[in-house]
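Shown next, in structure tokens, is the structure this report addresses.
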Amino acid sequence: SATDLDSAGIGDEDEEELYPEIRQGSLLWLVDSDVGLKFVDQLVEEINTGFYNLDISDGATEYQYTIYDNPTDHYDWHQDYYEDDNAEFVRKLSISVCLSSSEHYDGAEFFIKDGDELNVRSFKMKYGDFIVFPSDCEHRVNMLREGKRISLVIWYGYFKPED
């Protein structure tokens, strides 16, 4: 219900330094919405079973709320997980959910490489649109030209076994 989702909290802005040549925007972390998170978890599980069959046995651990609201805000080509990452949590599946009406922003299109450097797909996301993709796929958010684009980004995967 709307009341349950309204109880979701927004955590403090990420303290990690952003490198402006690679990424500009505001990062916050979504917390405390069991109903909303369970809904997204179930949806991602069904998509994973139907399309990817990746190990997401430990579910999601972080829910990032991203705001692009200054001209030139962007995120250059990157992956959400690299094989040589030292992180304890292995990101296997990523989801990006648009929380802005496409009429309220220009630019900030989502680009993803579909298995090959030459096969790039572009999406002008609308409110409620989402993309689920393997975390090792290269993707980016084009530069915002005007307005405000807000998205929710969630990663699913598993924790590395202890040695």
Side-chain angles (χ1 to χ4, degrees), residues 1-52 56 59-81 91-115 119-157:
S1 75
T3 305
D4 293 329
L5 294 177
D6 289 342
S7 68
I10 303 293
D12 292 334
E13 189 162 340
D14 191 80
E15 294 180 15
E16 180 180 321
E17 181 179 351
L18 299 179
Y19 297 92
E21 67 280 1
I22 297 172
R23 181 180 205 174
Q24 286 180 231
S26 298
L27 300 180
L28 300 157
W29 300 93
L30 189 66
V31 295
D32 300 328
S33 177
D34 291 336
V35 172
L37 300 181
K38 284 179 187 175
F39 173 78
V40 173
D41 290 348
Q42 180 181 356
L43 177 67
V44 170
E45 180 66 39
E46 289 177 17
I47 291 170
N48 184 47
T49 300
F51 294 94
Y52 301 112
I56 59 171
T61 59
E62 298 177 317
Y63 303 81
Q64 179 181 282
Y65 185 81
T66 307
I67 303 170
Y68 298 95
D69 63 352
N70 291 307
T72 75
D73 280 357
H74 68 284
Y75 198 172
D76 209 352
W77 287 111
H78 68 283
Q79 295 174 197
D80 292 338
Y81 185 78
R91 294 175 177 175
K92 296 301 284 185
L93 202 58
S94 300
I95 181 172
S96 178
V97 182
C98 185
L99 302 177
S100 299
S101 169
S102 60
E103 297 154 3
H104 293 139
Y105 72 93
D106 186 36
E109 297 88 2
F110 185 93
F111 289 80
I112 189 164
K113 293 182 181 176
D114 194 3
N119 192 12
V120 177
R121 296 176 185 247
S122 172
F123 301 92
K124 169 70 175 195
M125 295 177 71
K126 298 177 276 191
Y127 179 78
D129 285 353
F130 63 91
I131 298 172
V132 178
F133 56 94
S135 299
D136 60 358
C137 281
E138 280 193 283
H139 58 285
R140 74 178 183 151
V141 175
N142 200 31
M143 192 177 301
L144 179 74
R145 289 184 284 281
E146 71 177 10
K148 183 184 220 177
R149 179 182 180 273
I150 302 171
S151 61
L152 175 64
V153 180
I154 308 169
W155 302 280
Y156 291 81

Side chain to side chain contact (heavy atoms under 4.5 Å, CB included) between Val132 and Tyr52, intermediate numbers included: CA-CA 10 Å; Val132 178; Tyr52 301 112; 4.3 Å; yes

Counting only heavy atoms not in [X], do more than 12 sit closer than 6.0 Å to its [atom1] atom?
X	atom1	answer
Lys113	NZ	yes
Phe111	CZ	yes
Tyr127	OH	no
Lys126	NZ	no
Arg145	CZ	yes

Mind running side chain to side chain contact (heavy atoms under 4.5 Å, CB included) on Gln79 and Arg91 for me, showing each step along the way? CA-CA 10 Å; Gln79 295 174 197; Arg91 294 175 177 175; over 6 Å; no

Less than 4.5 Å apart, side chain to side chain, heavy atoms only: is that true for [X] and [Y]?
X	Y	result
Ile154	Val44	no
Thr66	Tyr75	no
Asp129	Phe123	no
His78	His139	yes
Val120	Trp77	yes

I need the minimum non-hydrogen distance between [X] and [Y], along with the two atoms involved.
X	Y	answer
Ser102	Met125	CB-O, 3.7 Å
Ser100	Ile150	OG-N, 2.7 Å
Asp41	Ala60	OD1-CB, 4.3 Å
Lys124	Asp106	NZ-CA, 3.8 Å
Leu93	Ser135	N-OG, 3.0 Å
Leu144	Glu146	CD1-O, 3.4 Å

Any side-chain donor near an acceptor of the partner, Tyr105 and Asp69, under 3.5 Å: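 Result is no, nothing qualifies.
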
Can you tell me how far [atom2] of [Y] sits from [atom1] of [X], rounded to the nearest 0.5 angstrom?
X	Y	atom1	atom2	answer
Ile95	Phe133	CD1	CZ	9.5 Å
Cys137	Asp80	SG	CG	9.5 Å
Lys92	Asp136	NZ	CG	6.5 Å
Phe51	Glu46	CZ	CD	11.0 Å
Ser122	Arg140	OG	CZ	8.5 Å
Asp76	Arg23	CG	CZ	11.5 Å

Would Asn48 and Tyr156 count as a side chain to side chain contact (heavy atoms under 4.5 Å, CB included) if you check the C-alpha gap in whole Å, the side-chain angles of each, and the deciding distance to 0.1 Å? CA-CA 10 Å; Asn48 184 47; Tyr156 291 81; over 6 Å; no

Given Ile131 and Phe110, is the side chain to side chain contact (heavy atoms under 4.5 Å, CB included) satisfied, shown in steps? CA-CA 9 Å; Ile131 298 172; Phe110 185 93; 3.4 Å; yes

Steps toward salt bridge (charged side-chain N to carboxylate O under 4.0 Å, His left out) verdict (Lys38, Glu45): CA-CA 10 Å; Lys38 284 179 187 175; Glu45 180 66 39; over 6 Å; no

